[in-house]
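Bear in mind the structure is a predicted one, so any value in this text is a computation, not a measurement. Residue indices begin at 1 and follow the sequence shown.
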Amino acid sequence: QQDRLLLDQFVDGAAQASLCFYEWKNPSITYGHFIDPLKHLDMQAAQKHGIDIAKRPTGGGILFHLNDFVFTVAIPATHKQYHPQVLENYRWINEAVARALSLADRIELARASAPQSVYSSFCMATPTIYDIIFDGKKIGGSAQRKTKNGYIHQASLFFRSPPWHIIEDILLDKEAARAMRKNSSFLDCISKNQMRE
């Protein structure tokens with residue numbers, strides 16, 4: 001709701017760029033504007049685990065907010081870094097995030113999207129172009145909603161490995177959980193690797 005208001009405020013042309021950080025009151029799942037969660041999630045299992053579920057105003061897939069860091073960047077069309085092409089906005093923001101994560105020199109941006117698969121509806125399972133990756137695995141997901149007046153960029157950085165047994169319990173397709181585990185990494189793993197080196 002708050003992020004939708006950030007996007008709506010650009011209509012009068014007076015709003016400035018903003019950066020918002022969020023934390024979760026409860027463990028949560030968000031899903032993109034075009035996703036039907038009932039096709040992918042066991043709602044009773046989510047309720048059993050005390051997980052809230054919400055729809056994002058942006059696109060993208062299903063994302064578990066269990067051990068992550070979430071922020072939103074709002075950029076009006078009058079801003080010098082606004083670009084009419086969505087992918088250029090992704091690149092600009094994620095390059096800035098990758099530079100900020102200077103604890104590991106192996107962090108980079110994905111140069112191409114993974115082929116479309118049955119797991120494309122799950123953010124952690126499918127790297128896309130300009131995603132932030134470490135050793136070939138995704139460590140953050142993001143999605144945008146753009147209008148002629150500006151855009152919002154919602155992002156999640158994966159801090160620690162989530163409780164996979166909960167994810168597997170909630171997902172209707174158990175293979176999707178395995179794809180998420182295979183294709184994602186976490187910032188605490190990077191820190192441990194750095195300390196070992």
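- Among all heavy-atom pairs drawn from His153 and Asn94, the shortest one is NE2-OD1, 3.7 Å.
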- Task: Might you work through the side chain to side chain contact (heavy atoms under 4.5 Å, CB included) test for Asn89 and Tyr151, ending with a clear yes or no?
- Result: CA-CA 9 Å; Asn89 297 322; Tyr151 70 85; 3.3 Å; yes
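- Atom NZ of Lys174 is surrounded by more than 12 heavy atoms from other residues, nucleotides or ligands within 6.0 Å.
- For Pro127 against Lys138, the heavy-atom pair with the smallest separation is CA-CD, 4.1 Å.
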- Task: Check the pair Thr30, Val70 against side chain to side chain contact (heavy atoms under 4.5 Å, CB included), reporting the backbone distance first and the verdict last.
- Result: CA-CA 11 Å; Thr30 62; Val70 181; over 6 Å; no
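- Here the side chains of Leu187 and Leu101 are in contact, with some heavy-atom distance below 4.5 Å.
- By the criterion of side-chain heavy atoms lying less than 4.5 angstrom apart, applied directly or through intervening Ile, Leu, Val, Met, Phe, Trp or Tyr residues, Leu157 is grouped together with Phe21 in one hydrophobic cluster.
- Between Ser184 and Lys137, every side-chain heavy-atom pair lies at or beyond the 4.5 Å cut-off.
- Here Glu175 contributes atom CD and Lys182 contributes atom NZ; the two are 10.5 Å apart, rounded to the nearest 0.5 Å.
- Residues Ala125 and Ala176 come closest through the heavy atom pair CB-O, 4.4 Å.
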- Query: Stepwise, does the side chain to side chain contact (heavy atoms under 4.5 Å, CB included) test hold for Leu66 with Trp164?
  - Reply: CA-CA 10 Å; Leu66 301 175; Trp164 290 109; over 6 Å; no
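- One distance of note links CZ of Arg56 with SG of Cys123; it measures 7.0 Å at 0.5 Å rounding.
- Using modelled atom types, one finds a donor on one side chain and an acceptor on the other under 3.5 Å when comparing Thr58 with Gln154.
- A chain of hydrophobic side-chain contacts below 4.5 Å, direct or via other Ile, Leu, Val, Met, Phe, Trp or Tyr residues, connects Met43 to Ile166.
- Placement of Leu109 and Phe134 within a single hydrophobic cluster is found when ILVMFWY residues are connected by side-chain heavy-atom separations under 4.5 Å, directly or transitively.
- Hydrophobic clustering of Ile, Leu, Val, Met, Phe, Trp and Tyr side chains at less than 4.5 Å, counting indirect connections, keeps Ile133 apart from Phe158.
- Between the side chain of Thr126 and the backbone N or O of Tyr119, at least one donor-acceptor pair lies under 3.5 Å.
- Note: Thr78 OG1 to Gln16 CD = 8.5 Å, rounded to the nearest 0.5 Å.
- Minimum heavy-atom separation, Leu63 to Ser156: CD2-CB, 3.5 Å.
- Taking CG from Asp131 and CG from Asn183, the interatomic distance works out to 11.0 Å, rounded to the nearest 0.5 Å.
- For Asn26, the side-chain contact (heavy atoms from CB on, under 4.5 Å) criterion is met by Asp52, not counting sequence neighbours.
- In this structure, Ile107 CD1 and Ile139 CD1 are separated by 4.0 Å, a value rounded to the nearest 0.5 Å.
- Residues Leu41 and Leu172 are not in side-chain contact: their nearest non-hydrogen atoms beyond the backbone lie 4.5 Å or more apart.
- A heavy-atom distance below 4.5 Å is not found between the side chains of Trp92 and His83.
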- Task: Apply side chain to side chain contact (heavy atoms under 4.5 Å, CB included) to Thr128 and Tyr130, showing your working.
- Result: CA-CA 6 Å; Thr128 57; Tyr130 301 140; over 6 Å; no
- Given salt bridge (Lys or Arg N to Asp or Glu O under 4.0 Å), test Asp188 with Arg160 step by step and report yes or no. CA-CA 6 Å; Asp188 68 336; Arg160 298 187 308 278; 5.6 Å; no
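- The minimum heavy-atom distance between Met124 and Pro162, with the atom names listed, is CE-CG, 4.5 Å.
- Judged as a ring pair (Phe, Tyr, Trp, His ring centres under 6.0 Å), the pairs with a partner in residues 22-47 (not counting sequence neighbours) are, in order, Trp24-His65, His40-Phe122.
- Atom OH in Tyr82 sits 13.0 Å away from atom CD in Glu88 (nearest 0.5 Å).
- Here the closest non-hydrogen pair linking Lys146 and Pro84 is CE-O, 3.2 Å.
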- Task: Starting from the C-alpha separation in whole Å, work towards a yes-or-no answer on salt bridge (Lys or Arg N to Asp or Glu O under 4.0 Å) for Lys48 and Asp169.
- Result: CA-CA 10 Å; Lys48 177 185 72 176; Asp169 194 29; 2.8 Å; yes
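- Ile170 is listed as a side-chain neighbour of His49, based on a closest heavy-atom distance under 4.5 Å.
- More than 12 heavy atoms of other residues, nucleotides or ligands shown are found within 6.0 angstrom of CD on Gln81.
- A single hydrophobic cluster is seen to contain both Leu87 and Val73, as judged by linkage of ILVMFWY side chains at heavy-atom distances under 4.5 Å, directly or through other members.
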